Amino acid sequence: MDDDGLAPGPFVARARSSRTAARPAEGPRLGWEGVHPEDVPLCLDADTFPFAMAASREDGHLVLRPVSVG
């Protein structure tokens, strides 16, 4: 359970069963370059680390950087 009393379980379950989560497994699509099907379960693994990763585009590449969450 989070500091604000919210458990991530229901939100993770909803995201895992979403159409968007299934898309990387459907093969390459416009806007999904570089997204591997194994990325989805990794992204949905809640509370593994004490930081979040913020995504941004830099010089045409998707870049992840850690962001403190506390």
Side-chain angles (χ1 to χ4, degrees):
M1 198 159 299
D2 208 330
D3 289 343
D4 58 6
L6 294 176
F11 302 103
V12 172
R14 181 178 175 195
R16 184 175 286 119
S17 64
S18 72
R19 178 162 161 64
T20 302
R23 279 187 160 175
E26 295 172 359
R29 290 180 168 260
L30 184 62
W32 286 90
E33 296 88 10
V35 178
H36 192 276
E38 292 177 11
D39 291 340
V40 174
L42 291 172
C43 290
L44 296 173
D45 193 6
D47 298 332
T48 301
F49 301 101
F51 58 88
M53 297 296 282
S56 63
R57 291 236 177 238
E58 294 180 15
D59 298 322
H61 298 281
L62 185 60
V63 177
L64 296 174
R65 302 226 188 272
V67 177
S68 178
V69 290

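Just so we're clear, the structure is a prediction, and the values are computed from it rather than from any experiment.
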Mind listing the closest non-hydrogen atom pair of L44 and V12 along with its distance? O-CG1, 3.3 Å
Apply salt bridge (Lys or Arg N to Asp or Glu O under 4.0 Å) to R16 and list each qualifying residue two or more places apart in sequence or on a separate chain. none
What's the shortest heavy-atom distance between A21 and A15, and which atoms? CB-O, 3.2 Å
Do R57 and L62 come within less than 4.5 Å of each other through their side chains, counting heavy atoms only? yes
Mind checking what makes side-chain hydrogen bond (donor to acceptor under 3.5 Å, both in side chains) contact with D39, not counting sequence neighbours? none
Would you say CZ of F51 has more than 12 non-hydrogen atoms from neighbouring residues, nucleotides or ligands within 6.0 angstrom? yes
Which residues share a side-chain hydrogen bond (donor to acceptor under 3.5 Å, both in side chains) with E38, sequence neighbours left out: none
